[in-house]
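Presented below is the structure to which this report refers.
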Amino acid sequence: MSDEVVYTPRELLACVAARLLNDGESVFVGTGLPLVGALLAHKLHAPQMMAIYEGGSIGPEPKVLPWSVADPLTFYKAPVILSMSSVFGHSRAGFADVGFLGGAQIDMYGNMNATCIGPYDSPQVRLTGSGGANDIASLCDRLIFMGLHLPERFPEKCDYITSPGYLDGPGAREKAGLVGGGPWRVISHLGLMGFDDETRRMKLLSYHPGVTPEIIQQCTGFELLVDDNVSETPKPTEDELFTLRNLVDPNQCFCF
Amino acid sequence: MAHANDRLFDHELARQVKLKKTRALVDKRMELKDAVAEYVEDGDSIIETGFAYVRGPMAANWEIGRQKKKDLVGIHTPGGLTTIFHEEGGLKGSHVAYVGVEMRGLVAPFRRGVEAGTLEVYAEWSHGALAASLRAAEQGLNYVATKSMLGSDMLKDNQYVKVGEDPWTGEPVCLVPAMYPDVAIFHVHHADMYGNSRIWGLSVNDTAIAAAARKVVVTCERIVDTDDIRANSPQVIIPWYCVDAVCEVPYGAWPGDMPGLYYFDRRLQERVIRVDWKTPESTKAWVEEYIYGTANHYEMMELAAHEEGMNTIEYVKQLEQFATSAAYYNIGTMGTGADRDWKYEEVAKRAI
């Protein structure tokens with residue numbers, strides 16, 4: 001029965017993301033796919049999830065998918081709306097459990113790039129710049145990254161470190177003076193990754209239905225460690241898909 | 001003439017300007033055209049306010065383009081729609097925290113400018129660091145020590161911040177100086193004629209920016225009586241003594257969102273980002289038609305509506321239907337803003 005469930009890669013991404021968020025936690029939500037994952041978790045199993053948006057809103061009631069991290073839907077019935085400096089300040093102070101980001105590149109140490117592809121001084125592609133991504137990665141207690149899994153998007157070393165992961169390995173984050181615990185999970189359309197406690201390198205935890213660890217390695221620009229207990233990612237359930245399609249993203253802004 | 005960047009972190013210059021601002025309750029109402037002509041000078045640094053396409057001063061931005069202001073220095077936190085003017089000579093360079101439109105994509109004119117080297121990026125900022133910088137200016141602090149930007153490559157590409165050592169704990173901190181932009185233009189829901197400005201929704205960095213900037217223009221959906229402001233002061237985010245000019249500009253945030261009043265004009269935004277601004281030629285054609293080809297904001301709205309085969313009133317009504325009831329924006333029935341009947345007529349009057 002469950003084998004017959006039909007879903008798109010983006011829908012799977014959203015469901016995997018939602019499962020990583022626990023009820024009662026605070027989640028600093030970045031733009032793009034994280035908006036979907038956080039909202040889906042909120043509607044499924046985390047009604048007490050506290051969403052934080054860089055526009056300044058904290059704890060809105062979930063409605064349909066916002067179009068922006070400052071969309072009025074991000075402060076729908078929010079009990080409080082603070083300023084941008086306050087929500088980042090609160091994150092450093094310890095009110096943000098999970099940071100949730102997308103971006104153009106992530107490397108083997110979980111450093112993220114949203115600034116440029118190619119050299120900074122003569123970029124092939126000039127991207128948006130940090131926005132709140134650097135702050136979310138620097139200040140939240142742990143970090144989830146979502147993105148498409150291609151060798152150039154998962155390089156050994158990012159073209160530019162916009163948002164710090166473990167920098168160049170064990171101890172570097174602490175040495176740089178960063179407060180948050182750093183990257184915790186990476187969700188791609190191929191698999192779910194974590195980081196090795198000792199080497200701080202990215203490690204495959206589960207592969208999505210239809211792909212194998214070998215395929216994922218071929219789509220990765222560095223040697224991906226593989227967890228001893230690596231397994232197949234559970235497919236989206238009908239409940240997850242119903243909620244996603246009807247209550248989170250009915251207009252298919254994201255999940256198509 | 002000194003570069004705008006030389007004034008940007010000058011504490012004393014900023015203080016001298018503010019010592020000269022009037023504290024008196026004087027009528028500061030002006031036409032938007034005149035306010036832009038007087039307060040936005042060639043070569044100024046201009047900071048984006050609101051959240052770019054949410055309660056952003058879009059009518060004022062278009063008017064700056066229309067008046068062909070030259071060599072401005074943009075501070076994009078976030079924003080960057082104004083970078084379309086760089087190919088027209090309107091923008092010399094940028095301080096970048098974020099230039100983009102989230103899931104709609106990159107702002108192609110900005111991308112072209114930086115990739116070709118015609119648009120200089122003076123510094124890379126994170127939203128948090130730039131917000132802290134503005135907050136420092138508002139709080140009267142020379143600088144702040146933050147935990148943002150540490151370990152990142154942005155430290156190399158921002159000559160204004162420094163990594164220092166916390167004198168108490170010895171740990172590394174990123175030292176961010178207080179920033180004082182030359183000019184800031186805000187769009188708010190209500191203002192009185194003295195400049196007290198009230199909003200619903202997100203203030204983002206606006207309270208800090210208003211205290212930091214040398215010149216401040218407020219555009220508002222509606223000018224209200226000052227007694228109404230005084231009865232609801234918790235919603236005021238900008239006080240009168242910061243403000244130099246007040247302009248009544250209904251739909252001033254269009255094609256962005258104005259919380260509680262009208263939603264993003266998604267059709268137009270998707271089209272300009274994905275199609276109209278894709279090449280220098282198409283951008284120029286768009287600027288010629290939408291900016292230089294229109295006398296004001298309302299002619300521009302009329303053009304957008306007609307291109308969709310609609311009359312302006314129907315077009316605007318559609319955007320308003322998307323906006324969730326004002327009751328959810330912490331205003332309840334307070335103030336006069338919940339009365340929304342006036343707007344169609346207002347636009348009709350100005351669109352003709």
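No hydrogens, no waters, no symmetry mates; every other heavy atom, side chains included, goes into these values. Note on naming: letters A, B, ... go to the chains in the order of the sequence lines (proteins, then strands), and numbering restarts at 1 for each one.
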Subject >> Atom of B:R135, atom of A:S86 and distance for their closest heavy-atom approach >> reply: NH2-OG, 3.9 Å
**OP:** Please state whether the side chain, the backbone, both or neither of A:P164 comes within less than 4.5 Å of a heavy atom of chain B.
**Re:** side chain
Original post:
With distance as the sole test, does B:K147 use its side chain to make a donor-acceptor pair with the main-chain N or O of A:G177 at under 3.5 Å?
Top reply: yes
**OP:** Name the region of B:V96, side chain, backbone, both or neither, that has any atom closer than 4.5 Å to a heavy atom of chain A.
**Re:** side chain
Subject >> Interchain contact, A:V87 with chain B, by part (heavy-atom threshold 4.5 Å) >> reply: neither
Subject >> Modelled atom types, side-chain donor and acceptor of A:Y160 and B:E124, under 3.5 Å >> reply: no
Original post:
Heavy-atom distance under 4.5 Å between the side chains of B:D153 and A:Y120, does that happen here?
Top reply: no
Original post:
By a 4.5 Å heavy-atom criterion (distance strictly below it), what part of B:E138 contacts chain A: side chain, backbone, both, or neither?
Top reply: neither
Original post:
So what's closer than 4.5 Å to chain B heavy atoms on A:L127: side chain, backbone, both or neither?
Top reply: both
Subject >> Point-to-point distance, once rounded to the nearest 0.5 Å, from OG1 of A:T162 to CE of B:M149 >> reply: 10.5 Å
Subject >> Considering all heavy atoms, the nearest A:S68-B:F264 contact >> reply: CB-CZ, 4.0 Å
Original post:
What are the two closest heavy atoms between A:I161 and B:S152, and how far apart are they?
Top reply: O-CB, 3.4 Å
Subject >> Closest approach of B:G128 to A:F88 (non-hydrogen atoms, all atoms of both residues) >> reply: CA-CD1, 3.4 Å
Original post:
Does the side chain of B:P259 reach to within under 4.5 Å of the side chain of A:F75, using non-hydrogen atoms?
Top reply: yes
Original post:
Under 4.5 Å between any side-chain heavy atoms of A:S83 and B:T207, yes or no?
Top reply: no
**OP:** For chain A, find its close neighbours in residues 112-122 of chain B: heavy-atom separation under 4.5 Å, sorted by number, or none.
**Re:** B:V114, B:E115, B:V121
Subject >> Euclidean distance, A:M84 CE relative to B:L134 CG, rounded to 0.5 Å >> reply: 10.0 Å
Original post:
Is there a donor-acceptor contact under 3.5 Å from the side chain of A:D135 to the main chain of B:S148?
Top reply: no
Original post:
Heavy-atom distance under 4.5 Å to chain B: side chain of A:Q124, backbone, both or neither?
Top reply: backbone
Subject >> Proximity breakdown for B:L106 and chain A, heavy-atom pairs closer than 4.5 Å >> reply: side chain
Subject >> Heavy-atom closest pair, residues A:S57 and B:L202 >> reply: N-CD2, 3.9 Å
Subject >> Heavy-atom side-chain proximity of A:D71 to B:Y263 below 4.5 angstrom >> reply: yes
**OP:** Side chain from CB out, backbone as N, CA, C, O: work out which of these in A:T115 comes under 4.5 Å of a heavy atom of chain B, or both, or neither.
**Re:** side chain
